[in-house]
Amino acid sequence: MQVSMTVNGGAQVHEVEPRTLLVHHIREALGLTGTNVGCDTSSCGACTVHLDGEAVKSCTVLAVQADGSEITTIEGMATAEGLHPMQRAFQEQHGLQCGFCTPGMVMAAVSLLDEIPTPTEAQVREGLEGNLCRCTGYHNIVRAVLAASGQALDDPVSVGGAGA
Amino acid sequence: MTDTIDAPAASPAFIGSRRVRREDPALLTGEARFTDDLVLTGALWLGIVRSTMAHARLASIDLSGALEQPGVVAAYAGADLEGEWAAPMPCAWAVTDDMKNPAHLPVAVGKACYVGDAVAVVVAETRTAAVDAMDHVVVEYEPLPVAVDLDDALSDRNVIHADLGTNTSYTWVLSPEPEAVDRAFAEAAHTVSEDYVQQRLLPSPMETRNVAVVPAPYDGDYVVYTSTQIPHILKVMLGLTVGVPEQKLRVIAPSVGGGFGSKLDVYAEEVLAVALARKLGRPIRWTEERTEAGTATIQGRAQHQHIELAADGDGRITGIRVRLLADMGAYLQLITPGIPLLGAFLYHGCYDVPAYAFECTGVFTNKTPTDAYRGAGRPEANYAIERAVDALAAQMGVDPAEIRRRNFIREFPYSSAPGLVFDSGDYEPALAKALDLVGYDALRAEQERRRASGDLTQLGIGLSTYVEMCGLAPSKVLASLNYSAGGWESATVRMLPTGKVLVITGTTPHGQGHETSWSMIAADRLGVDPDDVEVLHSDTAISPLGLDTYGSRSLSVGGSALWFATEKVIAKARSIAAHQLEAAEDDLAFSDGTFSVKGTPSRSMTMAAVAYAAFTAHDLPEGVEPNLEAQVTWDPPNFTFPFGAHVCVVEVDTETGSVRLRDYVAVDDCGNQVNPLIVEGQVHGGIAQGIAQALFEEAVYDEEGNLRSATLADYLVPSSPDLPSFRLASTVTPSPTNPMGVKGIGEAGCIAATPAVINGIVDALRPLGVTDVRMPASPWRVWDTIQAATGHPAGDAAEGQQPAPDQPARDQPATDQPAKDQEVPT
């Protein structure tokens, strides 16, 4: 079947097998490998992308179901001016270690702030429940999201590096 | 083991700063390449058909249906591949001379010994074709009796490997003075005898395992891309098992999405991919499915622990006896048998205990092999001693903080009864800081009030003080433990003609931020900016020497190698600068990247200028080679011994058994910190994994040996609402055994947290008669434990409550329920 979608602002038209998951379409046909696969039960959220502005786990959507839609993947977040503010916050707050869950986590976090611009810590934790991270214990991910929402954090700040 | 190095009084510009990671932008933008992201022209996909039975004779394997499927290139049963192997799957740690190690092939021949054991492989043009074709492999199984339960396996009722005649792999004993231990117990005023179960865990890095092998058939060489912690060790082992000459192998670990010990191994799929690339002359790749990972990747912990303490009238511990039953699984993987022994020396924790006896028996079961999981032996040891010390405190009516203070080691270096020399430590201030931070006295008062009022929500305050041995490892010590490799690490520092710096390290980061930290070390030492330092790693062609990343070793061993390499570079640069400045070497000062003549600072030469002079080689001192580069291989003189104190405050709903983590305070001492931002991140993640063992995670096997919690829907890796924010602090007690005074922090949180949580729950429920809660302490299990303790009818938890000393509680039965309202498929 033929599917057309706008991905990170560009038109993409491809033939796909009907059973193809959106995540496999994104990774294999479009070559956008920033979106990761971490499980096979839609539990981990590593494959989270924005579909028509909403965060979805791209392993729960068939590519054909995304026909005609607008997709943003992690590759579409930074601009010529640099990292997206959420990406920058993740770096400044050390919200990633191995980085495998990170693309999905960033996409979920951006969507969370779209819904709740100034969340509490509890709201951040609830909002990211569908995204698993094995490295950070979520502590610095939560801080990154709070920082990206413009809320002041009380303990020490990081220095230097590409994002600072 | 007692060599010391005087740390120089430096004024570092970068070391000690919270510098953000240079690794992050590539990972944050999706630019980083994990193994499955690689584009490999002409690659074939490997699919592994795995045994669905825990123990069965493979009566027949019919590949014909699979071979007829579209896109299928080849299919093999184990017998078809027997000629490919130069040696069986490697185990590098024969812990005793008579250790039993069954022959272990990458694809089973004749019979399968656990659910997940590879029994056939399919090779196809696409990933989906391989997966589809696997359904057409018909395996006829003849079931054999299983040994799933650890005690049952020990009884040899059903022997798994008939040629071995027993399920016991080894018994390892560490008992330097048995009479002293007997005397301590005979003369004890108080004794404690406890039994604990370390449940099986799935390490669960977010990236599953992946491998891709690209052959160059005419050159006979192979590039192996794999999601591993150990490209260097793997290269040696692949050479030995597949019979490819080692110099023809290049192993690359691209971005690696976490390991936690599970990627410190040599796996059948890696060995297979090399062999099939050789056989078929095309690139071979394989990606592990998450549910497949449940049984195909090693598992952690899986021990039954028996610990006894003898104490005098003041509660000072005078002797310790430990007996372990350790579940090896069906085969011995790379360091399976040694894992319990990494804790064997530490069952006295941070306490000065004069008499010590330890014994561990490794037992085969029809389950996935166990091996290293974050902390590897040390979380188990710390769990046992910290639980037992709390039991002693309760028996004596002494505060848990006080019993710890009475027993702390106070003189360093400390020669322990089991035979280690602890480098440095100062345990009481760490505990005092943690108690202060958590508001200990106020919490005890609140606990008293709640107990008095019969509050249905009881408060528990769980303490865990810990010490671990890190910096694996002095090679001579490894030799004494029969380990087949050394423990050194390598670093190369190369000054480039333009004044920039290349650092090549033998460590293999997979989330630990070595590129950032190593650049900070090199920058401080050489007087350059960290952004002018490139750090290369994880490719055996670029970094030919290394022993990789595990055991909290990278900074204390690999960082030290880097430090010494900069020292060599500076020494050579000094001789060149002295020559060019026409001064004696001793008359040169070196600071901020510039050599200057003492007393005449205007006569100076920057490191960059020296590097250029070394490159042009126009005017070098007699006998000095061109270029400015040094390689150092450093073997640590001793382990390092990080320590700390964690306090977990829990509220337990006595009506539902649910546990709320109200506060978590951690004070860790890993010596000097290169980058506190990264140190804290390691602690956070470690604590989360320690809490996960205490409250959420278990590899649940049924009586037939089926893993019932293989998926991430059933295996409860905690998500963000399951965990609190953590409150961290540190003390700094430098190690005297390496030049930067560093110790290691990768495993600390995981070692400290588990007993902190369970001690908290038991502390909350002790007035109800509860003395133990089996892990994971799910609401159901906590509730059931309360029912049993208060005399109500109860199920499994009651049976496991107080096992007799010689009969550790049995394996988790299939009837158990996970903590959340999710169904386990049957």
Side-chain angles (χ1 to χ4, degrees), chain A residues 17 19 27-28 31-44 46 73-75 77-78 83 87 90-92 94 96-103 106 121-122 124-143 156-164, chain B residues 14 17-34 36-37 39 127-128 204-208 255-260 287 289-291 510-513 516 530 676-678 680-682 684-689 691 711-713 717-721 723 725-726 749:
Chain A
E17 264 193 87
R19 66 174 175 170
R27 287 179 55 82
E28 290 165 21
L32 297 170
T33 54
T35 302
N36 290 323
V37 178
C39 73
D40 43 18
T41 48
S42 297
S43 305
C44 80
T73 70
I74 192 70
E75 288 89 346
M77 298 305 280
L83 298 177
Q87 292 171 317
F90 266 68
Q91 184 181 27
E92 287 168 358
H94 188 28
L96 65 154
Q97 291 179 27
C98 83
F100 192 82
C101 77
T102 306
V106 167
E121 178 185 332
V124 173
R125 288 185 179 275
E126 291 295 334
L128 297 179
E129 183 171 19
N131 290 70
L132 296 179
C133 168
R134 192 58 155 169
C135 294
T136 64
Y138 304 101
H139 183 102
N140 283 341
I141 290 176
V142 172
R143 285 170 53 85
V157 291
S158 50
V159 295
Chain B
F14 301 106
S17 68
R18 307 174 65 81
R19 191 173 177 81
V20 303
R21 299 196 321 167
R22 57 170 56 195
E23 291 88 344
D24 292 356
L27 294 164
L28 280 161
T29 56
E31 190 185 296
R33 292 284 174 268
F34 296 89
D36 192 52
D37 299 341
V39 175
R127 188 197 306 250
T128 45
S204 308
M206 291 316 300
E207 184 205 20
T208 56
S255 286
V256 174
F260 312 110
T287 293
E289 305 266 339
R290 173 62 62 184
T291 303
H510 42 283
Q512 298 89 343
T516 300
L677 190 69
I678 289 174
E680 289 163 10
Q682 291 295 311
H684 294 150
I687 293 172
Q689 275 173 291
I691 291 173
T711 77
L712 280 180
V717 169
S719 65
S720 44
L723 297 171
S725 281
F726 311 119

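Residue numbers begin at 1 in each chain, while the letters A, B, ... track the order of the sequences. Since we're looking at a predicted model, the values are computed, not measured.
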Contact check, side chains of A:Q97 and A:R134, non-hydrogen atoms, under 4.5 Å = no
Return yes if a side-chain donor-acceptor contact under 3.5 Å exists between B:H510 and B:Q512, otherwise no.
-> yes
Proximity breakdown for B:L723 and chain A, heavy-atom pairs closer than 4.5 Å = both
Toward chain A, the part of B:F726 with a non-hydrogen atom under 4.5 Å | both
Which of the residues A:C98, A:G99, A:G34, A:A78 is involved in the greatest number of heavy-atom pairs with chain B at under 4.5 angstrom?
-> A:C98
Go through the atoms of A:N36 and report whether side chain, backbone, both or neither lie under 4.5 Å from a heavy atom of chain B.
-> side chain
Where do A:G38 and B:L712 come nearest, in terms of heavy atoms and distance?
-> O-CD1, 4.1 Å
Where does A:T136 contact chain B at under 4.5 Å (heavy atoms): side chain, backbone, both or neither?
-> backbone
Sequence neighbours left out, what passes salt bridge (charged side-chain N to carboxylate O under 4.0 Å, His left out) with A:R125? Give chain and number order.
-> A:E121
Of all of B:G749, B:G685, B:A32, which one pairs up most often with chain A through heavy atoms under 4.5 Å apart?
-> B:G685
Closest-packed option against chain A by number of heavy-atom pairs under 4.5 Å, given B:Q689, B:E23, B:R290, B:E31 | B:R290
Backbone N/O of A:T33 and side chain of B:R33: donor-acceptor pair under 3.5 Å = no
ring-ring contact (aromatic ring centres under 6.0 Å, His included) involving A:Y138 - partner list, sequence neighbours excluded | none
Please state whether the side chain, the backbone, both or neither of B:F260 comes within less than 4.5 Å of a heavy atom of chain A.
-> side chain
Do you know which of B:S255, B:G30, B:S725 has the most heavy-atom pairs with chain A at a distance under 4.5 angstrom?
-> B:S725
Residues B:G257 and B:P205: closest non-hydrogen pair is O-CB, 3.5 Å
Relative to chain B, which of A:T35, A:T73, A:L96 shows the most heavy atom pairs under 4.5 Å?
-> A:L96
Heaviest contributor of heavy-atom pairs below 4.5 Å to chain A, chosen from B:T516, B:T291, B:T711, is B:T291
Comparing B:D36, B:I691, B:T208 against chain A, the one with the most heavy-atom pairs below 4.5 Å turns out to be B:D36
A:Q91 to B:D24 - nearest heavy-atom pair and separation | CG-OD2, 3.4 Å
Between B:G513, B:P676, B:P530, B:S204, which has the largest tally of heavy atom pairs under 4.5 Å with chain A?
-> B:S204
How far apart are the closest heavy atoms of B:M206 and A:F100, and which atoms are they?
-> O-CE2, 3.2 Å
